[in-house]
Amino acid sequence: MPAHDILIIGAGLAGQRAALAAARKGATVAIMSKVHPVRSHSVAAAGGINAAISPADDWRSHAYDTVKGSDFLGDQDAIEIMCREAPDEVLHLEHIGVTFHRNEKGEMDLRAFGGASMKRTAYVADITGQALLHVLYEQLMKHHEVIDRYEEWFVTSLVLDDAGSCIGAVARNIRDGHMETFSAKNVILASGGAGQCFKPTTNALICTGDGIAQAYRAGAPLMDMEMIQYHPTTLVENGFLITEGARGEGAHLLNASGERFMEKYAPNKMELASRDVVSRAEQTEINEGRGVGPDGVGIYLDITVVPKKRTLEALREIVNIGKDFAGVDITREPIMIRPGMHYIMGGVKTDVDGATSIPGLYAAGEVACVSVHGGNRLGANSLLDTLIFGRRAGEHAADRATSMAMPQAGTGAQRHDEQLLGEILARPKTGRRISEIKDELGTTMNRYVAVYREEEGLRTAHETVRRLKDEAQTAYVDDKGTIFNQDVLGAVELDYMLDCAEAIVVAAIERKESRGAQFRVDYPGRNDAEWLKHIDISRDGDDTPAVSYSPVTITQWQPEERKY
C-alpha cells in the first residue's frame, strides 16, 4: 500500500504548487491526476495573473478591488493574504522560468483587467496558464526523489479513520483498471471546479466536481455554491472562452445597433467592469431584442479597434480560435460572443491554510472556497488563488505531518468502491445513457441557474436534478473492459456532478437577494441586513443537502454600493 506524508489529488496549478511547497519542507509527496498534469484545466487560463507589482500600485488597492468585485461577500482576511503575497509569488514564477511579457523598457508588462483600478495583470500572451503549468511541471520532475507522480489515476473516494480524520484515498489506475488504497498523513484536494454541470461551459471535460463531491460525502461543508460565474465573452457556437485580455487590450462590445452599450451599465469602467456586471448587461441587451446573429442570442466583440500587430502579439490564441471555430478573422471583423458558464466561486470550505473541517483534509484552487472571490471573481485572480493557497496548503500540511505517525488506511473503502464499479459495469441496457443524463443536467442548469434566476426556475432545476440522481443509479455503460475504461469513470463523474449541481441549486434557492453572480429577478436588490453571510451546504444523512450560515470576515472595508 503506497504511503506518503501528503497525497495531493489534482495536478493543475494548485496541486503542483502544493506539491513543490510540501517537498521543499521535507515532506514525502504523492501527486495524483486523472489526466497528464499538463492537460489539467489550468492550462486553459488565458489572460494573466494579478499582482501589485507596479511601483504606483499597492496590495491594498488590489485587495479593495477584490473585495468590491466579490460584492462584499469575500472574506477580507483571506483576500488580504492573497493580495499581499501576490508580488512575491509572481516574481518567484519568473525566477523559475515563466517568460512573462515585458514592455519596451524591459519591465514586466501589465495589462488591464475587469474590476481593477489600474493595470496589474502580468501575462504570457493569452496562454498564461499553459506557461505557468509547464514551468511548474518541470519543477515537479526536478524534485522526483521526494515527489511521486501518479498520472492517469482516478480517485473514487476519500478514506477516513474511526475518529473522522482523512488518512488517504482509493484510486483506480485508468491504464489497467486495478485499484489501490493510498495512505497519507494529509490529503490535499486540488481537483478543480464543476463546470461540466453546465452546458455549454468554458471548462474542460475533466471538470466534473470530483473533489467537491468527495469532500461533501466525507462530511466537509461546502460554501458559496450558488455563486457561478458566467464569463462575458464565450463563443456563441460552442461556449469556448474568448479571453478577457481582449477587452483589456481595448476591444469593444456592440449590440445590433452598433451601440457600445456598456456606457449605460458601467460608464466609468465600460467593458472592464466586473464580470457579473458585464454578463448581465449583455444578457439584458439580448433579452430586450438587441442581440446579434441567428435568433439574436449574441453580442459583437469588436477586436478590430486593437492594432493588428498588438492583437497578433498578445492575443494570438483567440486569433486561432476565431478562425477555427467561428470562421472569423478577429483582426478584420467582430466576433459573436455571449455570456457562458466559466467558474465556480464556491467549493469546499477552508481556512486560509487550506484546512477543512475534517482533520487531515485540505483543499486549494477552484475546488476550495477560502472565500477570496465571494459573489464574483475578478479576472486574473484565479491563477493567483491557486498558487497562493496551493503553496499555503502544502506548507501547512507538511508541518502537520512532522508530528504524526503514518496512518494505515485499511482496505474496506477499496472493497466498497470495487463493488460499486462492478455493479455499474453489470447494469443492463434498460436505463438511460450516461451522456443523455449529463446533457439534460447541463442544459437544465444553463437554463435556470444562469445569469438571471428566479424561484420557479430554480425549483424546476432542483426537481430535475433529483430525478436525474435517481436515473443515474440505473444508467448503463457500453465498455465492460479494464483498459482506459472512461465509460465507467464517466458514471462516477456523473454522480459527482449531480451532488455539486444539487448544492448549487439549493444554495441559489436559499439566497433570496441579488449579490454578485446570484441575480434573483424576484429579489433584485442586495440585502446586507439579512444576507451578508455565507451559505454553507452539508450532507444531511444520506443524500439531502442541509443549509447553514457562517459570517463574512470584514477587516478594513465596510459594504458600500457597488458601482463601476
Side-chain angles (χ1 to χ4, degrees), residues 13 42-66 69 82-136 138 233 241-252 268-275 301-322 330-331 378-388 564:
L13 288 176
S42 299
V43 80
I49 178 170
N50 287 333
I53 293 170
S54 167
D57 202 359
D58 184 271
W59 71 263
R60 295 168 189 82
S61 173
H62 182 189
Y64 170 72
D65 289 344
T66 301
M82 181 179 75
C83 298
R84 188 169 57 240
E85 297 181 1
D88 285 345
E89 186 66 30
V90 171
L91 292 176
H92 165 73
L93 292 169
E94 185 175 55
H95 292 164
I96 63 174
V98 177
T99 54
F100 287 112
H101 192 87
R102 289 184 171 272
N103 60 25
E104 63 279 358
K105 296 179 181 179
E107 301 165 339
M108 189 179 292
D109 198 26
L110 301 170
R111 64 172 30 144
F113 250 58
S117 54
M118 66 181 300
K119 293 182 178 181
R120 65 166 63 96
T121 303
Y123 63 95
V124 183
D126 54 351
I127 57 165
T128 310
Q130 178 179 330
L132 269 58
L133 197 64
H134 279 260
V135 167
L136 287 186
E138 291 167 0
T233 55
L241 177 67
I242 300 296
T243 175
E244 188 164 313
R247 286 173 287 131
E249 297 294 339
H252 296 171
N268 295 322
K269 298 297 289 183
M270 298 291 283
E271 285 85 3
L272 289 177
S274 62
R275 288 179 173 176
L301 177 67
D302 184 10
I303 307 173
T304 66
V305 296
V306 180
K308 184 174 181 178
K309 181 177 183 293
R310 179 61 179 167
T311 299
L312 296 175
E313 174 188 70
L315 302 170
R316 57 181 185 254
E317 253 333 274
I318 61 168
V319 171
N320 294 329
I321 289 172
I330 64 171
T331 67
L378 293 190
N381 267 358
S382 56
L383 294 184
L384 184 60
D385 171 20
T386 63
L387 295 164
I388 296 295
Y564 286 102

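- The main-chain N or O of Ala52 is never found under 3.5 Å from a side-chain atom of Asp58 such that the two would form a donor-acceptor pair.
- Partners of Glu317 according to the side chain to side chain donor-acceptor pair (under 3.5 Å) rule, which considers only residues two or more places apart in sequence or in another chain, do not exist here.
- Note that OG of Ser54 and CE of Met118 are 4.0 Å apart. Values are rounded to the nearest 0.5 Å.
- When all heavy atoms are compared, the tightest approach of Leu384 to Asn50 is CD2-O, 3.3 Å.
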- Task: Check step by step if side-chain contact (heavy atoms from CB on, under 4.5 Å) holds for Arg316 and Ile127.
- Result: CA-CA 9 Å; Arg316 57 181 185 254; Ile127 57 165; 3.6 Å; yes
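- Not a single donor-acceptor pair under 3.5 Å links the side chain of Thr121 to the backbone N or O of Ala380.
- From His134, atom NE2 reaches atom CD of Gln130 across 4.5 Å, with rounding to the nearest 0.5 Å.
- Checked by atom type and distance alone, the side chain of Asp126 never pairs as donor or acceptor with a backbone atom of Gly245 at under 3.5 Å.
- Of all heavy-atom pairs spanning Asp65 and Leu378, the tightest one is O-CD1, 3.5 Å.
- For Thr66 against Cys83, the heavy-atom pair with the smallest separation is OG1-SG, 4.0 Å.
- Across all non-hydrogen atoms, the minimal contact from Ala251 to Val306 is N-CG2, 3.9 Å.
- Considering only residues two or more places apart in sequence or on other chains, Asp88 meets the salt bridge (Lys or Arg N to Asp or Glu O under 4.0 Å) condition with none of them.
- Nearest heavy atoms, Gly69 versus Tyr564: CA-OH, 3.5 Å.
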- Task: With side-chain contact (heavy atoms from CB on, under 4.5 Å) as the test, would you mind laying out the steps for Leu387 and Ile49 before giving the verdict?
- Result: CA-CA 10 Å; Leu387 295 164; Ile49 178 170; 3.6 Å; yes
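- Between the Arg111 side chain and the Gly248 main chain, no donor and acceptor come within less than 3.5 Å of each other.
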- Message: Assess the residue pair Thr128 and Leu132 against the criterion (side-chain contact (heavy atoms from CB on, under 4.5 Å)); give the C-alpha distance rounded to whole Å, side-chain angles, the decisive distance to 0.1 Å, and a yes or no.
- Response: CA-CA 6 Å; Thr128 310; Leu132 269 58; 3.9 Å; yes
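- In this structure, CG in Leu136 is found 8.5 Å from OG1 in Thr386, a value given to the nearest 0.5 Å.
- The line from CD1 of Ile330 to CD1 of Ile321 is 9.0 Å long, rounded to the nearest 0.5 Å.
- Ala122 and Met108 get closest at one heavy-atom pair: CB-SD, 3.7 Å.
- Taking CG from Asn381 and NE2 from His62, the interatomic distance works out to 4.0 Å, rounded to the nearest 0.5 Å.
- Here the side chain of Glu244 pairs a donor or acceptor atom with the backbone of Gly114 at under 3.5 angstrom.
- Counting only residues at least two apart or in different chains, ring pair (Phe, Tyr, Trp, His ring centres under 6.0 Å) contacts with residues 95-128 comprise His101-Tyr123.
- Taking 4.5 Å as the limit, some side-chain heavy atom of Leu312 sits within range of a side-chain heavy atom of Val319.
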- List the steps and the verdict of side chain to side chain donor-acceptor pair (under 3.5 Å) for Thr311 and Thr331. CA-CA 7 Å; Thr311 299; Thr331 67; over 6 Å; no
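- With respect to Asp109, the salt bridge (Lys or Arg N to Asp or Glu O under 4.0 Å) criterion is satisfied by exactly one of Arg102, Arg120, Arg310: Arg310.
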